[in-house]
Structure formats: structure tokens, C-alpha cells
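Written below as C-alpha cells is the structure these notes are about.
Along the sequence shown, residues carry numbers from 1. Just so it is clear, the values below take in all heavy atoms, side chains as well, and ignore hydrogens, waters and symmetry mates. Computed from a predicted structure; not experimentally measured.
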Amino acid sequence: MSSQSTEEGMHAEFPPDWADDERMSFLFSAFKENREVDTTDWDSKMDFWSPLIAGICRRRGAVCVNLKELNQIFRRKGNVPLGLGTVIQGMARCGKVQKESEFAANVDSGWLSWGVGLLLVRPLKWTLSTLLGSSRVPLEESFVVIELVKEKAADLLAAYRSSPLADRALLSFQELRTLCAHVCPDETTLCLALLQLQREKQVMVSLHEGEKIVKFSQPGHGRVSPVSDVDLGIYQLQRSEKLLGERVQELGEEAERCREEARALLQEGKKSQALRCLRGRKRVEKRADRLYAQLETVKGILDRIAHSQTDRLVMQAYQAGVAALRLSLKDVTVERAESLVDQIQELCDSQDEVNQTLAGAALDSSIGGDTEELEEELKSLLDESAPDGQPTLPAVPSKSLQPGGTLIGDSFLNSLPSVPNSPFGITDEELDRELSRLTLTDTGVSQRAHISPLKRPETAQ
């Protein structure tokens, strides 16, 4: 691939201004001596290059960069930007980038003993040039982009907690590197991410028998605890379990190879050699059995430790519960509870008496003095609704009708009751008096006269 095509592929990562020759000529030019000379010129270049550097590093998965790499990345038509050193210095003053050596030194973690690739000759060059008053940035001085290393640290912690190894508090550096290879592609990036996590009190990195081990904070804890002897003992048991498991698997594969070799020799007619292979297989199987028994012992110890930790957590929960219960029942006694119940019962009885008294007073005040008057009014209503007298009905005929419904002889007529002379029981004089009371209205509508209940005509039967 030619250099021109390489530049075109790299330019796809850049903003649209990259194709504007006039604009890029201005951005590739050097900064003024200081910002006060031309504020607009200075801020315009800084606002362009600062986010571009961070974006390029993020897309490439890097958390640190140096001036030499930036000059190569931003080369355009054979030219390199003249102000990238000033941009890096400005980003350092704003806290966006930090020298790799300073970033490691700011973490109180014994970084000198385990910081792989962090302290080389390059940081010392930067320190020497700073002491001598030089403002130039060495080409190979490595700078950490703070924003990106924080992102890597968060990704690293998430990768550990979502992995099958999350139940282990301690991991070896090599185990962690294998586990997080997709997050931290190189060892330096992993070390920087661990330094950031250690600054955030999420991990603790230490040396044990010449091996770097990493302890992570457990869920529910705000920060990681120091590595204890218990942690180291569990770590040793876990390492032994892993080594024994690998050895047992290797011996099993070796025994299977001996068996297949004995079969092949037997088919070739080499019986004695086949027997030797089978004897070797038996020896391998015995060693595998012994190692397997040791492996089971180690697993049993680890299970007991896990159970003891669970029991310890349960005991802590019980203790916290007892303390909380004791505080909540500090002023509660049986005598006080009985006294409160008696007071409540007395108040309820008093309330019932008051309610009964109020209900009785309301009843007496509403109907107590009018009972006799109401009874008399009810009696008068019953008298008015009663009929004037028992009506006299004719006697029921004693003879039945002949078939066909015809009347036969005078005997049937004689059996009928006599016709009353005055069916309504009112004389002609009384009727005349009632008629005289009727008057006509102006419109010709007759009004209804009031007839005395005593003179009301009876209903015809």
C-alpha cells in the first residue's frame, strides 16, 4: 500500500476541515509566543487539536500517546503540525493529559515495584528538560489521556465482575491479562488501567513471592481492603487446585495414549511391548488417582472456607439485627406495655359512655314530650279510616239454577230478597238541601260541594 493511500485511509478519521487547504494551513502553523498576543488564534487551534487527539486515541484503543506518534498520525501532504507540542502542554495544564511517570507516581501503591514499562529513560528526559527550563516536549515522552484511562479502568472492572473469576478476590497478573485482553490490548494499557483503579480504591496490586497479584473490591463494598493472610492462603489453595486439575488432565491423556499404543502394538503382534505400555498406563493411572485425591481435598478445604465466609456474613447480619432490635426496644418493657393497654381500654370505655349519653339525650329531646300527643293523633287517623257501619247484604239464594240457566216457576222469584225502597239511604229532602249548596262558577264549571261523612251515600250492592 502506498503512502498516499495510507494517508487517505487515515484522513477518514478526521473532521471535514481536513480537506480545506486554507483552513489546515492555518491550523498547521505554529502558535504565537503566548496566548495574550492573539487569543482567537490560540483558542481556535487549541479547540481543534485537543478533542481530535482524544478522539484518535479512543478509536485506536490507546490511552497514552507521544509527540512522535502524533506527528506521524497527523501528517498531511508531507507536512506535520508545528504546534502539537504546545497543544500537549496546554492539555497538561488543563488536566486532560498527564505524563506517564507522574500518573504512576501519584498513586501510593508501590508502583516502582510492579509498574511494567512505566519508568524508562523517557520520563527522566522530560524531568531534566523541565528543570533546565526548556519548554520543548520530547518526541518520545509518553502522555496519558486521563479521560481515556478512566474509561479503560471502568471497562476492566466490568469485564472482571462479569467473568467466571468474579468470585475470586485475588487474581494473578497473567490471569487478569488473559481475561481482559479484549479491553487492554497491551501490558502498558493494563498497568495504566490498574493504576487508575487503584487510585479509585477499587483494586490493590501487590507482589507475592515475586508474582504480581491483583485484588478487586467485592460488590457491596465501596473500596478494596488490603491483602490479608487469609486472602493469600485462599489464593495459594486456588493455585494448587488449578495446577492439580491440569496435572490430572495431563495424566489422563497420557494414560489414554498408552492404551492406544498398546492396542496398536498388539495388532502388530508385539505382545511384550504392548504389556509394557499397559504397565506404564497403570502407573500413570495410579499417579492420577493420587493427584485426584489431593485435588478433592483442596476442593473440600475451599468449600469449607466458602461456607465459613458465608457463616461469618450471617453472623454479622445477626449481630447487626440484635443491635438494631436492642436499640428499638430500649424503652419498651412489659409493665409499660400493660399500662398502655389499660389506658387504651379506659379511654375506649369512656368514649362508649359518652356516645351512649349523647344518643340518649338526643332521643329524649326529640320525641320525649310528644309521645302522648302522637298516640292520640294516630288513634284519630285510625278512626277516620274505619267504615261507618257494616253493610247489610241480601241473603244468598238457597236454590240452584236449573240446567241451561233458565228460571223455573214462581218459587225461585219468591226466594229472591225484596227490592229496597231507598237504595242510597237518603231522603228527597236531604237531596234538595245538597243540590242547593252547589253553585256555578263564572266559567260554567261546577264546584264540588263538601259532603259530610255522616251523609255520604252508600255504595250500591
Side-chain angles (χ1 to χ4, degrees), residues 13-15 17-18 23-24 26-76 79-109 111 115 117-154 188-189 191-193 195-200:
E13 305 178 72
F14 301 147
D17 290 350
W18 197 263
R23 171 68 173 163
M24 296 312 299
F26 162 73
L27 293 173
F28 269 54
S29 62
F31 281 78
K32 303 297 182 182
E33 293 183 0
N34 54 66
R35 184 174 179 273
E36 286 72 16
V37 175
D38 192 342
T39 305
T40 304
D41 177 273
W42 186 286
D43 292 344
S44 177
K45 292 178 180 178
M46 191 66 68
D47 293 340
F48 177 83
W49 290 111
S50 179
L52 184 58
I53 291 173
I56 290 292
C57 293
R58 178 181 288 108
R59 283 190 291 271
R60 299 188 177 200
V63 297
C64 55
V65 71
N66 58 48
L67 186 57
K68 183 178 180 180
E69 293 175 350
L70 291 178
N71 286 333
Q72 184 63 32
I73 292 173
F74 296 131
R75 180 179 296 274
R76 182 180 182 273
N79 299 321
V80 296
L82 299 179
L84 289 181
T86 305
V87 173
I88 291 178
Q89 290 177 344
M91 295 176 68
R93 284 193 294 268
C94 296
K96 296 181 179 179
V97 299
Q98 191 174 12
K99 290 179 291 183
E100 189 177 289
S101 57
E102 290 183 354
F103 181 82
N106 288 336
V107 181
D108 185 14
S109 61
W111 55 272
L118 298 179
L119 267 183
L120 301 177
V121 181
R122 293 191 298 270
L124 299 179
K125 288 182 178 179
W126 167 263
T127 305
L128 182 60
S129 62
T130 303
L131 293 176
L132 296 178
S134 174
S135 60
R136 296 183 59 185
V137 176
L139 291 176
E140 295 183 354
E141 173 67 39
S142 183
F143 290 86
V144 178
V145 183
I146 303 300
E147 178 183 359
L148 300 184
V149 77
K150 289 182 178 180
E151 295 176 0
K152 285 292 183 183
T188 300
T189 303
C191 288
L192 292 172
L195 282 171
Q196 178 62 33
L197 287 176
Q198 186 146 334
R199 176 179 292 180
E200 298 172 0

What's the spacing between [X] [atom1] and [Y] [atom2] if we round to 0.5 Å?
| X | Y | atom1 | atom2 | value |
| --- | --- | --- | --- | --- |
| Phe74 | Met24 | CZ | CE | 9.0 Å |
| Phe14 | Ile56 | CZ | CD1 | 4.5 Å |
| Lys152 | Arg58 | NZ | CZ | 10.5 Å |
| Leu192 | Gln98 | CG | CD | 10.5 Å |
| Gln198 | Cys191 | CD | SG | 11.0 Å |
| Cys57 | Leu70 | SG | CG | 6.5 Å |

Give the minimum heavy-atom separation between [X] and [Y], together with the two atoms involved.
| X | Y | result |
| --- | --- | --- |
| Leu148 | Val63 | O-CG1, 3.9 Å |
| Pro81 | Leu84 | CB-CG, 3.7 Å |
| Gly90 | Met46 | CA-CE, 4.2 Å |
| Ser142 | Cys64 | OG-CB, 3.7 Å |

Could you check whether any side-chain heavy atom of [X] comes within less than 4.5 Å of a side-chain heavy atom of [Y], counting everything from C-beta outward?
| X | Y | answer |
| --- | --- | --- |
| Phe143 | Glu100 | no |
| Val97 | Ile53 | no |
| Glu141 | Asn66 | no |

Quick one: sort the Phe31 and Trp42 rings into parallel, tilted or perpendicular, breaks at 30° and 60°.
perpendicular

Can you classify the ring geometry of Trp18 versus Trp49 as parallel (below 30°), tilted (30 to 60°) or perpendicular (above 60°)?
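Ring orientation, 0 to 90° scale: perpendicular.
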
Between Glu200 and Lys150, does at least one N-O distance fall below 4.0 Å, as a salt bridge requires?
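Here Glu200 does not pair with Lys150 in a salt bridge, since their nearest N and O are not under 4.0 Å apart.
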
side-chain contact (heavy atoms from CB on, under 4.5 Å) for Val144 and Gln196? Distances and angles first, verdict last.
CA-CA 11 Å; Val144 178; Gln196 178 62 33; over 6 Å; no

Lys32 side-chain N/O to Thr39 backbone N/O, donor-acceptor pair under 3.5 Å:
no

Where the side chain of Ser29 meets the backbone of Phe26, is there a donor-acceptor pair that is under 3.5 Å apart?
yes

Chi angles and distances behind the side-chain contact (heavy atoms from CB on, under 4.5 Å) call for Phe103, Ile146:
CA-CA 9 Å; Phe103 181 82; Ile146 303 300; 4.1 Å; yes

